[in-house]
Structure formats: structure tokens, C-alpha cells
Visitor: 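I have a structure here, written as C-alpha cells, and I will follow up with some questions on it.
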Amino acid sequence: GISTEIAGNITTLKVPSPSNLRIIDSTLNSATVQWYHAALDVDQYVLKWITLSTGKLSQLLVDGMSDRAILLGLEKDTDYQISISALYRDQAQSDAVVVRHSTFSRSPPSKVVIESRSADKLQLRWLPPNSRVQQYRMSYAIASNPQAAETLMAPGKSNEATLQRLEPGTEYKVRVTAVYDVGESNSTFIVGRTSGLNISGLN
């Protein structure tokens, strides 16, 4: 008979991977992840998450029909790498899709004060919550007309900002928010009044 050796010529074909892995909700010790399905014949999805600082690895298997999962037992103030791969019924496994996640708290700035004021300016100063703030957002409006709010952004390394072109002798309500790469903090509110125009020097 005729025999042919083919074992050396077998090529492993890549199988589809899940896509668009993303964090849709998180707390300091959990994260809800969601993804797009890889294919109809996926048996299970393999989720792994590892701490970038210590290399601690955790794993979760979920049903192939699922498109989301909750990762529990995360450590607070920790950076993670989260990956997902598809395990098929014939035991083939796809390449992993990876996303980064951080459980650092999204604390707001504290001790917000009016450092100085003039007829058309208010200078704010605050205590930064931590070093991971990307930006600060100041939303401010005349206290009697909160719908007409304006916005000023400040760099994450700053601890002060000046609101300019304000109305003299007017009370303003200011909301200061810390913006992180994983979302925003709650807002800290303060009320400040610009000084009145000094007309004593006019004839």
C-alpha cells in the first residue's frame, strides 16, 4: 500500500480571538469586564489577571456564551493586566487580548479654598488626593444662575487655578473634580465672591 508521512507538514491554524475587551464597571476590589464573542463554537473563555508589581496571577473560566464577567478579590491601589482568550471545543486556544486596569482610588481634591480674589478673578488652591490625577476640572457659574456654567481645566500636577473674566461683586459656585485615567472623582464644591469695583480714585 501507499503510505505518506504528513505529521511534519501539519500547520496549526490560528483560531479567532475575542475582541474589544473593556472595563465597564469597577470598585476598589472588583472589575466587570465585557468583550465581543470570538465565534459560535467557543467552549469557554479564559480570563487571567496579574498584578504588575508582584506578578500574582488569578484565573477564571466562563461559559462560551458569556460576554462579560466579574473579577473579584482585586487588591486596592494596584495596577493589573487583564487578558482573555477563547478555548474551543477541539481544545484549540486563541491568542489573548489584553487590557490594563488600575484599582487606585478616585479621590477628590480636598481643602479647596479661595486663595485670593479681585474684581474679575478668583484664585483657587486645593490639596491633591494622589499622584495619579490626570487633570482637574473646574466648573463654575454665578450662584444665582447655575445653568450658565463654564469650565477650566488644570494639569494633574497642579494644586491651583485662577478663574478669570468674572463679574465684580458676584458670588460664584465652583465645583472641582479630579480626572483619572479610569474615571472621575466626586466633586468638591466651594462658594466664592469677587470683590467690588474700587471707584474711590475716580474724580
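Note: hydrogens, waters and symmetry copies are ignored here, and every other heavy atom, side chains too, is used.
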Visitor: Looking at E184 and R137, does any basic side-chain N land under 4.0 Å from a carboxylate oxygen?
Guide: yes

Visitor: With side-chain contact (heavy atoms from CB on, under 4.5 Å) as the test, would you mind laying out the steps for W126 and T188 before giving the verdict?
Guide: CA-CA 10 Å; W126 59 84; T188 301; over 6 Å; no

Visitor: Could you check whether any side-chain N or O of Y136 sits under 3.5 Å from a backbone N or O of E160, counting only pairs where one atom can act as donor and the other as acceptor?
Guide: no

Visitor: Heavy-atom count around M65 CE within 6.0 Å, excluding the residue itself: above 12?
Guide: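 No, the 6.0 Å shell around CE holds no more than 12 heavy atoms from other groups.
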
Visitor: Report yes or no: does S85 contribute a side-chain atom to a donor-acceptor pair with the main-chain N or O of Q93 at less than 3.5 Å?
Guide: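 No, S85 side chain to Q93 backbone: no donor-acceptor pair under 3.5 Å.
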
Visitor: Are V42 and H37 packed together at the side-chain level, in the sense that at least one heavy-atom pair is separated by less than 4.5 angstrom?
Guide: no

Visitor: Surrounding CG of L40 (heavy atoms of other residues, nucleotides or ligands, distance under 6.0 Å), is the total greater than 12?
Guide: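 Check fails, neighbour count at 12 or below.
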
Visitor: Show your working on side-chain contact (heavy atoms from CB on, under 4.5 Å) between I23 and I82 and close with a plain yes or no.
Guide: CA-CA 10 Å; I23 312 296; I82 302 171; 3.8 Å; yes

Visitor: Kindly compute the distance separating CG (L21) from OG (S83), expressed to the nearest 0.5 Å.
Guide: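 Reported to 0.5 Å precision, the distance equals 8.0 Å.
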
Visitor: Do the side chains of Y80 and V46 join up, straight or via other hydrophobic residues, at under 4.5 Å, putting them in one cluster?
Guide: no

Visitor: Is a donor on one side and an acceptor on the other found under 3.5 Å between the side chain of S116 and the backbone of Q123?
Guide: no

Visitor: Is T103 reaching over with its side chain to a backbone N or O of T78, donor-acceptor style, under 3.5 angstrom?
Guide: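 Between the backbone of T78 and the side chain of T103 there is a qualifying donor-acceptor contact (under 3.5 Å).
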
Visitor: Can you measure from CD (Q34) to CZ (R22) and round to the nearest 0.5 angstrom?
Guide: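 Q34 CD to R22 CZ: 4.0 Å, rounded to 0.5 Å.
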
Visitor: Please check if I114 and L152 belong to a single hydrophobic cluster, counting links between Ile, Leu, Val, Met, Phe, Trp and Tyr side chain heavy atoms closer than 4.5 Å.
Guide: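 Yes, because I114 and L152 connect within a single hydrophobic cluster, where side-chain heavy atoms sit under 4.5 Å apart.
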
Visitor: Determine yes or no for a side-chain-to-main-chain donor-acceptor pair under 3.5 angstrom, with S17 supplying the side chain and S94 the backbone.
Guide: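 Looks like no, no N/O pair under 3.5 Å.
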
Visitor: Looking only at heavy atoms, what is the nearest atom pair of V133 and Q135, with distance?
Guide: CG1-O, 3.2 Å

Visitor: Please, which pairs that meet salt bridge (charged side-chain N to carboxylate O under 4.0 Å, His left out) have at least one residue in residues 63-80, sequence neighbours excluded?
Guide: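 Those involving residues 63-80 are K56-E75, D79-R132.
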
Visitor: Would you find a donor on one side and an acceptor on the other, under 3.5 Å apart, between the side chain of Y45 and the backbone of A38?
Guide: yes

Visitor: If every non-hydrogen atom of W49 is compared with every non-hydrogen atom of Q59, which pair is closest and at what distance?
Guide: CZ3-C, 4.0 Å

Visitor: Which pair of heavy atoms, one from H101 and one from S26, lies closest together, and at what distance?
Guide: CE1-CB, 3.6 Å

Visitor: Go through the steps to decide whether V191 and E171 satisfy the test side-chain contact (heavy atoms from CB on, under 4.5 Å), and finish with yes or no.
Guide: CA-CA 7 Å; V191 174; E171 187 173 76; 3.3 Å; yes

Visitor: Measure the spacing between CZ of R100 and CG of L52 and express it to the nearest 0.5 Å.
Guide: 4.5 Å

Visitor: Please report the interatomic distance CG(D41) to CG(D90), rounded to the nearest 0.5 Å.
Guide: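 So the gap between those two atoms works out to 7.5 Å.
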
Visitor: Going by heavy atoms in the side chains, are Y172 and L122 under 4.5 Å from each other?
Guide: yes

Visitor: Testing the basics here: between S185 and Y180, what is the closest heavy-atom pair and its distance to 0.1 Å?
Guide: CB-CE1, 4.2 Å

Visitor: Count the heavy atoms of every other residue, nucleotide or ligand shown that sit under 6.0 Å from CD1 of I70, and state whether that count exceeds 12.
Guide: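 No.
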
Visitor: Report whether L74 and L60 are members of the same hydrophobic cluster (ILVMFWY, side-chain heavy atoms less than 4.5 Å apart, transitive linking).
Guide: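 Yes.
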
Visitor: If we ignore angles and hydrogens, is there a donor and acceptor under 3.5 Å between the side chains of T194 and T170?
Guide: no

Visitor: Quick check: does any side chain N or O of R106 sit under 3.5 Å from a backbone N or O of N186, one acting as donor and the other as acceptor?
Guide: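 No, R106 side chain to N186 backbone: no donor-acceptor pair under 3.5 Å.
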
Visitor: Nearest 0.5 angstrom please: I142 CD1 to K173 NZ, how far?
Guide: 14.5 Å

Visitor: Quick one, D43 and Y88 - any side-chain contact, counting heavy atoms below 4.5 Å?
Guide: no

Visitor: Are V62 and L71 linked, directly or through other ILVMFWY residues, by side chains that come within less than 4.5 angstrom of each other?
Guide: yes

Visitor: What pair of heavy atoms forms the shortest contact from P108 to P129, and how long is it?
Guide: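 Result for this residue pair: O-CB, 3.5 Å.
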
Visitor: Working to the nearest 0.5 angstrom, can you tell me the gap between T162 OG1 and R117 CZ?
Guide: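 Here the interatomic distance stands at 13.0 Å.
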
Visitor: Please report the closest heavy-atom contact between P128 and S158, naming both atoms and the distance.
Guide: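 Looking at all heavy atoms of both residues, the closest pair is CG-O, 4.3 Å.
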
Visitor: Between V99, L47, V97, which is the residue that forms a side chain to side chain contact (heavy atoms under 4.5 Å, CB included) with W35?
Guide: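 With W35 as partner, V99, L47, V97 yield a single side chain to side chain contact (heavy atoms under 4.5 Å, CB included), made by L47.
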
